[in-house]
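Keep in mind that the numbers below use all heavy atoms, side chains included, and drop hydrogens, waters and symmetry copies. Here is how names work: the chains are called A, B, and so on, in the same order as the sequence lines, proteins then strands, and each is numbered from 1.
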Amino acid sequence: MADEDLQGLDEPGLRAEWQRLADRVAAANLAYHQADAPDISDADYDALKRRLAAIEARLPDLAALGPSAQIGAPPSETFAKVRHAQRMLSLENAFTGEDVADFIARVRGFLNLAEAAPLVLTAEPKIDGLSLSLRYEAGRLVLAATRGDGETGENVTANARTIADIPQTLAGAPAVLEVRGEVYMGHADFAALNERQTAAGDKTFANPRNAAAGSLRQLDAAVTAARPLRFFAYSWGEMSTPLGPTQTAAVARLAELGFKVNPLMRRCEGLEALLAAWREIEQGRATLGYDIDGVVYKVDDLALQDRLGFRSTTPRWAIAHKFPAELAWTRLLGIDIQVGRTGALSPVARLQPVTVGGVVVSNATLHNEDYIAGRDAKGSPIRDGKDIRVGDWVQVYRAGDVIPKVADVDLAQRPPEAVAFTFPRLCPECGSEAVREEGDAVRRCTGGLICPAQAIEQLRHFVSRGAFDIEGLGVKQIEMFFADDQLPVKEPADIFTLAARDAASLTRLRNRDGFGEKSAANLFQAIEDRRTIPFARLLFGLGIRHMGEVAAQDVARHFATWAALVESLDHARPAALAHRAADAAEDAERMAAAAEARRPRIAEARRAAMTAAQVTPAAQAAWDDLVGTDGVGPVLALSLSDSFANPQERGAIDRLMAHLTVLPPEARAKVSPVAGKTVVFTGTLERMTRAEAKARAEAMGAKVAGSVSARTDLVVAGPGAGSKAREAEKLGIEILDEDAWLRLIGA
DNA sequence: GTGCCTCGAGTTCC
DNA sequence: CTCGAGGCAC
């Protein structure tokens with residue numbers, strides 16, 4: 001479809017044609033994203049878009065209305081999401097030989113390996129690309145997914161099929177096999193690609209990794225096919241038959257199956273051998289022909305890997321030993337203060353743009369007040385503190401090759417007129433006092449929801465992925481609605497009245513720039529869909545300090561219903577106040593040791609503690625229950641209590657709740673006989689270390705506690721068990737020895 | 001009281 | 001990704 005025939009059309013004709021094309025593209029998008037079943041070929045789709053663009057070039061007012069300009073559709077929304085059968089984890093990082101030594105010591109300690117027992121690890125280059133999971137069923141590639149957040153990635157199967165290093169079929173593979181590895185681009189291919197891009201007038205890529213990422217995430221697989229992507233396999237996810245007894249054997253098997261594996265991988269015994277491998281790989285870095293950013297060490301024996309297991313986001317049996325970060329010097333042009341969701345004032349360096357590790361950096365974090373000043377609140381110098389001033393030459397690096405940081409300052413080049421930075425005492429956004437709690441590194445705005453910066457950040461958090469995750473309501477839209485006169489959104493409840501307010505208003509959302517009939521309707525539908533919300537997401541979305549995703553899940557599971565939580569919090573309030581008062585009294589007493597002059601404050605704190613001490617047993621019980629909840633300590637409990645007792649915040653919560661139905665938390669899947677049970681280990685364990693026993697129990701869904709109580713389900717007692725075993729007997733709790741326990745969990 | 005380990009909060013660039 | 005700090009075991 002060329003656009004020559006457009007020449008014959010008059011303006012109304014063009015507009016009609018534009019509408020027809022826009023509808024067609026929108027329908028194709030929908031089919032592609034939601035059903036993952038494209039109803040037209042990629043080439044036809046491209047042609048449609050080109051024709052649309054040709055019309056928009058002549059009638060620019062259309063451009064803002066069409067599918068090409070639709071807001072709320074960043075590239076990440078353009079691939080279907082897929083859940084990984086097995087989570088794709090990241091690796092813990094080591095930066096020094098000492099870190100590596102610690103890692104080995106931890107592994108040995110966890111496994112309780114004898115001093116003389118050998119521990120073999122593999123060392124392989126860490127490719128700087130993007131990880132990809134390939135699922136083969138009956139030997140055929142059925143799914144390729146990016147890592148995403150580890151739980152859920154993007155379906156890029158069509159694109160992965162165009163990569164020559166990725167076999168479409170495997171001979172003699174297990175019935176189900178997920179192969180994991182890295183997609184990357186070689187230096188020569190990268191340079192050639194950028195030359196082609198320049199010649200074609202397209203934008204060039206900053207580095208091979210960006211080029212690889214950009215190439216893999218093309219909606220048009222034909223574009224990906226034209227890009228010289230390569231793939232190394234180094235790991236696996238779900239599989240119906242093990243690939244081998246060791247990492248080395250499994251990777252060799254992957255090579256047999258037809259995958260490219262890295263030729264530099266080798267087995268090493270002991271710290272020195274690992275570090276030697278690291279040095280050698282680093283020395284060969286420049287001649288490899290592709291980017292690497294470190295060396296990965298893995299415990300070779302897969303049975304040991306299995307015993308070591310996983311922490312929440314990383315395996316215990318592997319670590320990435322990074323190469324030193326690239327550094328660059330530049331001028332510090334200014335220091336801005338940003339206000340975060342919790343009111344934290346964070347200093348950001350505005351820099352003379354400089355290339356660091358292949359990316360142009362113009363902003364960098366300055367951590368906090370003390371870091372800039374180079375000394376702490378009391379005036380004593382701090383470790384790594386710099387006394388950084390506007391106008392200084394500063395050294396920048398990208399931590400983990402991502403986050404730009406100011407690492408050093410060149411005092412010799414300091415301009416004579418440079419003055420020390422004065423950290424604001426008032427919030428730059430709302431003018432409220434910004435205070436620093438004793439012992440805290442950050443200064444916080446006290447304005448609460450009065451502060452527009454905090455209010456916006458709270459809303460951004462509310463719609464964020466782990467919370468309400470409303471499609472079409474991203475950061476940009478939140479900022480727009482917050483400042484909007486016609487359809488203001490100042491607090492979460494306002495989101496749920498948007499549609500009704502829009503229907504009643506004269507200037508409808510669908511007629512606005514950046515919105516159309518379709519996108520407005522989609523947004524309202526997405527909001528409707530979230531009127532029913534899982535308990536934990538709601539709790540997380542409220543943005544209460546110290547209440548993260550994990551804590552929210554724990555609390556939701558503990559209380560089961562929203563009403564139970566609210567009732568309990570209301571009951572516990574006096575006890576919460578008593579707890580704070582007692583803390584304050586303690587603080588004041590500590591201060592008194594230094595300054596007798598604080599007498600009046602102590603007396604006041606004591607009086608407050610006395611008043612607050614009039615706590616009913618019911619209140620105390622509610623507080624104890626709250627603080628006894630898994631993952632909840634006094635700090636989170638107080639924060640939660642404060643939020644619900646603060647009239648402003650409670651008002652916003654109640655207004656929000658009027659629009660919502662809360663889904664009770666899902667019961668933990670019963671995957672093992674001990675799932676959901678509380679287990680206590682006591683006495684000496686002979687077959688494994690305590691850490692290992694705990695990790696394994698938790699991996700089976702059990703909760704491991706330190707002391708026996710009425711809530712304990714099971715006690716595992718080894719030789720030398722004393723009071724805990726007696727306590728268990730008294731309470732009539734089942735007691736197992738270590739062998740019986742291992743049989744129970746099927747080990 | 002001390003020392004892990006994990007979570008929470010804030011960070012940049014594409 | 002890193003840092004600080006909360007939670008919890010020893």
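A distance of 3.5 Å separates CG in D625(A) from NE2 in H558(A), rounded to the nearest 0.5 Å.
Protein atom CD of E437(A) is 12 Å distant from nucleotide atom P of dA5(C), rounded to whole Å. Rounded to whole angstrom, the span from the CD1 atom of I319(A) across to the P atom of dC1(C) amounts to 13 Å. Between R209(A) atom CZ and dC1(C) atom P the separation is 9 Å, expressed in whole Å. Atom CG of L366(A) is separated from atom P of dC3(C) by 14 Å (rounded to the nearest Å). The CG-P distance, from L626(A) to dG6(C), rounds to 16 Å in whole Å. The interatomic distance linking D630(A) (CG) with dG6(C) (P) rounds to 18 Å, in whole Å. In this structure, E92(A) places its CD atom 14 Å from P of dC7(B), rounding to the nearest Å. Distance L636(A) CG to dG6(C) P: 11 Å, rounded to the nearest Å.
For the salt bridge (Lys or Arg N to Asp or Glu O under 4.0 Å) test, residues two or more places apart in sequence or in another chain that qualify with D336(A) are R350(A). Take E182(A) and apply the side chain to side chain donor-acceptor pair (under 3.5 Å) test, not counting sequence neighbours, and it matches Y234(A). With sequence neighbours left out, D202(A) forms a side chain to side chain donor-acceptor pair (under 3.5 Å) with no residue at all. Not counting sequence neighbours, the partners of R106(A) by the salt bridge (Lys or Arg N to Asp or Glu O under 4.0 Å) test are E92(A). Residues satisfying the side chain to side chain donor-acceptor pair (under 3.5 Å) test with S568(A), not counting sequence neighbours, are none.
As judged by a 4.0 angstrom heavy-atom cut-off over every strand, G214(A) is placed among residues making no nucleic acid contact. Residue A213(A) is classed as having no contact, given no heavy-atom separation below 4.0 Å to the nucleic acid. Within 4.0 Å of V442(A), counting heavy atoms only, lies no atom of the nucleic acid at all.
The existence of a salt bridge linking R209(A) and D293(A) is excluded, since no basic side-chain nitrogen approaches an acidic carboxylate oxygen closer than 4.0 Å.
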| message | Please encode protein proximity along nucleotides 9-14 of chain B as a string of B, S and -, counting only heavy-atom distances under 4.0 Å. | response | SSBBS-
